[in-house]
Amino acid sequence: VDELSVAVVGAAGLLGREVLDVLDSRQFPTGHLRLLGTHRTAGGEIQRDGRTDKIALLGPSAFDDVDVAFFSAGPGVSGEYGPLAARAGATVIDLTSRFRLDEVVPLIVPQVNVAALAERRERNIVATPSAVATALAVVLAPLSIAAGLRRVVVSTYQGVAGAGRRALVGLSQETVDLLGSRGTRRTRFARPIAFNCVPQVGAVEPGGATTHELRVVEEVRKVLGEPSLALTVTAVRVPIFFGVGIGVTLETEQPLDVEEAAQVLRTAPGMVVHHGETDAYPTPADAVGTEAVHVGRLRPDVAAEHGLALWIALDGVRTVALDAVAIAEFLAREQL
Ligand SMILES: NC(=O)c1ccc[n+]([C@@H]2O[C@H](COP(=O)([O-])OP(=O)(O)OC[C@H]3O[C@@H](n4cnc5c(N)ncnc54)[C@H](OP(=O)(O)O)[C@@H]3O)[C@@H](O)[C@H]2O)c1
């Protein structure tokens with residue numbers, strides 16, 4: 001595979017740094033590497049494993065001669081510079097929410113719908129889902145193929161890393177303040193997060209669901225190609241730094257017992273199934289630093305005719321970065 005010229009927009013951010021890590025660890029054929037940021041970080045350096053790269057200021061000419069551009073600087077930046085990068089000849093891999101539900105932009109989870117990458121040609125932009133939608137798509141796709149999905153009910157337990165680097169500092173400060181009986185500074189979240197759970201990720205929309213919850217539903221439907229999938233999500237921010245837990249109860253169209261479900265999941269890509277020993281279940285802390293979507297606590301849900309309950313744990317930041325790089329690897333193999 002020839003070397004590709006790579007740009008990372010938002011390189012100093014949590015997700016941008018993770019993308020750089022994954023490019024290194026997977027030995028992606030990176031030729032020229034262009035790191036891009038704001039006035040705050042431009043001019044600074046990112047050091048990793050004996051390599052130092054400077055961050056440049058994002059601007060209209062930043063994408064000349066770039067083959068693949070990862071965007072992780074927020075939806076506004078992707079909206080402004082993504083199409084510009086694509087017109088300059090780069091294939092854009094957007095990790096923000098900006099193009100996820102855009103009809104002419106494919107939304108890709110490599111383990112599930114990599115064939116849809118062909119649809120990128122119209123805009124030269126590929127979108128990746130949120131971490132929660134990615135994990136749900138990885139787990140639900142094989143179950144849907146095996147037995148059909150009648151209804152899926154989801155509750156999430158999301159660490160603050162999903163809200164970016166400053167949210168990590170925010171949780172740390174709140175925790176220290178509370179332990180020191182100093183009250184708390186203003187929180188970054190809708191409510192205090194230290195020693196609390198906040199059932200609001202994103203803005204509350206008319207009707208009561210949050211933006212994040214509504215988006216997860218639409219993203220999973222799009223990746224699975226099931227536009228009317230009956231899926232409902234309650235997303236909760238919890239006071240852990242990294243990692244995500246997801247509780248899922250679902251009802252299949254056809255009967256699928258627990259052992260059959262475990263077998264279906266074991267043979268599907270991207271998952272580690274913890275099943276068989278009485279205490280074999282993964283926690284977010286176990287999943288942090290790993291590259292798989294972990295599934296455990298597989299059991300019958302007796303409240304439904306073909307009911308199944310399960311638990312998912314993953315490192316959200318890692319999973320999203322890994323999938324974005326996996327998409328770039330597919331493109332590199334077919335030379336974009
Ligand atoms: N964290 C996750 O688990 C996760 C998962 C999926 C998707 N995402 C999405 O990815 C995006 C970034 O998330 P994050 O967690 O990495 O956030 P973050 O840690 O806050 O990093 C955002 C980065 O974007 C840069 N940036 C912001 N505005 C910019 C501009 N106008 N020009 C150039 N760079 C700009 C910031 O640069 P400065 O440092 O210079 O301010 C910062 O380095 C968000 O849209 C988020 O929703 C995050």
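Indexing begins at 1, ligand by ligand and atom by atom, following the structure's order. The residues of the chain are indexed from 1 along the displayed sequence. All values below were derived from every heavy atom in this structure, side-chain atoms included, with hydrogens, water molecules and symmetry-related copies excluded.
Side-chain contact, Ser78 with Asp94: a donor N or O sits under 3.5 Å from an acceptor N or O. Under 3.5 Å, the side chains of His32 and Glu3 contain no donor-acceptor pair of N or O atoms. Under the 3.5 Å distance criterion, with hydrogens and angles disregarded, no donor-acceptor pair is assigned to the side chains of Thr319 and Thr134.
Taking CG of Leu298 as the start and NE2 of His275 as the end, the distance is 5.5 Å to the nearest 0.5 Å.
In the hydrophobic clustering of this structure, Leu33 groups with Val68; members are Ile, Leu, Val, Met, Phe, Trp, Tyr whose side-chain heavy atoms approach within less than 4.5 Å, directly or through other members.
Panel note: side chain Glu174, backbone Ala194; a donor-acceptor pair is recorded below 3.5 Å.
Around ligand 1 you find Gly10, Ala12, Gly13, Leu14, Leu15, Gly37, Thr38, Arg40, Thr41, Leu58, Ser72, Ala73, Gly74, Pro75, Val77, Leu95, Thr96, Arg100, Ala161, Gly162, Gly164, Arg165, Arg166, Val317, Val320, each with a heavy-atom distance below 4.0 Å.
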